[in-house]
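In listed order, ligands and their atoms are each counted from 1. What you see below is based on every heavy atom in this structure, not just the backbone, and it leaves out hydrogens, waters and symmetry mates.
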Amino acid sequence: MTGSLAVVGLGPGDRRYLTEEAEAALAAAEALYGYGPYLDRLPSRADQTRHPSDNREERARAEAALRHAAQGGKIAIVSGGDPGVFAMAAAVCEEIERGPESWRALDVAVIPGITAMLAVAARVGAPLGHDFCALSLSDNLKPWEVIERRLDAAASVGFVIALYNPISRARPWQLASAMARLRRHLPATTPVVFGRAVGRADERVFVTTLEEAATAPADMATLLIVGARNTRLITRPGRMMSLVYTPRAAVEASA
Ligand code: SAH
């Protein structure tokens, strides 16, 4: 019997963001693998085993899930947001490429989910309304110099930039350093959206400026959207938060 592995995106938080396809893939699985807190979001079932692992153990988790599927199991491995965005789908592909030939014959499906940048953008308006890119600020898997070059490139050609993994206990200085780097290309008043734990009970979203962003509160559950030169605010009577949007017509990046 050929085993299967579904790499399932859970969306940013609450179950209402889970797609029907993801729900069906989870329901069909005999065993669930994933970061413990993500598995905790799902109702437990007596006929389904759970294999929680730590945040940083992506490689070992992918390998264990593939080994289980290779024994004929119907396995699901979960990611927050979308599994293809800085998450398990690439980790699974890396292990398939590295692993035994038989893993290539497995039935592997990637089930998309709403990624954090889309959930955060939707809270404030349309900051990703024109060209944008996404970067992870984590230098666990790439040197900081590469991140700086990508920040320079993205800001200098007018991309709005979604920043995943802005900060953690092990990486306390990267966020401020990235903001200083972006200041070389963008005005101090450039809007920056901070979205924390969007879609969960402890959600917090606010809009600040590039100048203030270096010292604004952020943690591992925060995503930043740094505007481009033409990203703008619309203030609204009686509402604390402005609409943030990037118009669909491009302006010259150097304008
Ligand atoms: N696969 C995930 C991203 C994993 S990287 C996705 O598609 O969303 C982890 C980073 O994602 C966090 O450091 C944070 O920047 C962002 N993130 C994940 N969930 C979030 C949420 N609910 N609200 C805001 N940012 C989130």
Does ligand 1 have any atom that is closer than 4.0 Å to a heavy atom of Ala221?
yes
Side-chain contact, heavy-atom cut-off 4.5 Å: Leu18 with Leu10?
yes
Could you tell me if the side chain of Trp103 sits less than 4.5 Å from the side chain of Glu63, heavy atoms only?
yes
Here the atoms of ligand 1 under 4.0 Å from any heavy atom belonging to Met220 are 12 (C), 13 (O), 14 (C)
Of all protein heavy atoms, the one nearest atom 3 (C) of ligand 1 is Val85 O, 3.5 Å
Q | Electrostatic pair Asp152:Arg184 at N-O distance under 4.0 angstrom | A | no
One finds that the ligand 1 atoms under 4.0 Å from a non-hydrogen atom of Thr222 are 14 (C), 15 (O), 25 (N)
* To do: Look at the side chain of His51 and the backbone N and O of Tyr33, then say whether any donor-acceptor pair between them is shorter than 3.5 Å.
  => no
Just checking, any donor-acceptor pair under 3.5 angstrom between side chains of Asn165 and Ser136? yes
Ligand 1 to Asp82 polar contact by distance, N or O atoms, under 3.5 Å:
yes
Is it the case that ligand 1 has an N or O less than 3.5 angstrom from some N or O of Gly80? yes
Note: heavy atom closest to atom 17 (N) of ligand 1, options Ala119, Pro166, Ala116, belongs to Ala116
Going by the 4.0 angstrom heavy-atom rule, the piece of Met117 near ligand 1 is neither
Near Phe86 (heavy-atom distance under 4.0 Å), the atoms of ligand 1 are 4 (C), 5 (S)
If you measure from each heavy atom of Ser79 to ligand 1, is any distance below 4.0 Å? no
Within 4.0 Å of some non-hydrogen atom of Arg200, the atoms of ligand 1 are 19 (N), 20 (C), 21 (C), 22 (N)
*Heavy atoms, side chains only, cut-off 4.5 Å: are Pro187 and Arg229 in contact?*
yes
Closest to atom 9 (C) of ligand 1 by heavy-atom distance, out of Val120, Val198, Leu224, Asn165, is Asn165
*Ignoring hydrogens and geometry, is there a side-chain-to-backbone donor-acceptor pair from Glu94 to Arg59 under 3.5 Å?*
no
**Q.** Donor-acceptor contact present, side-chain Gln48 to main-chain Leu26, <3.5 Å
**A.** yes
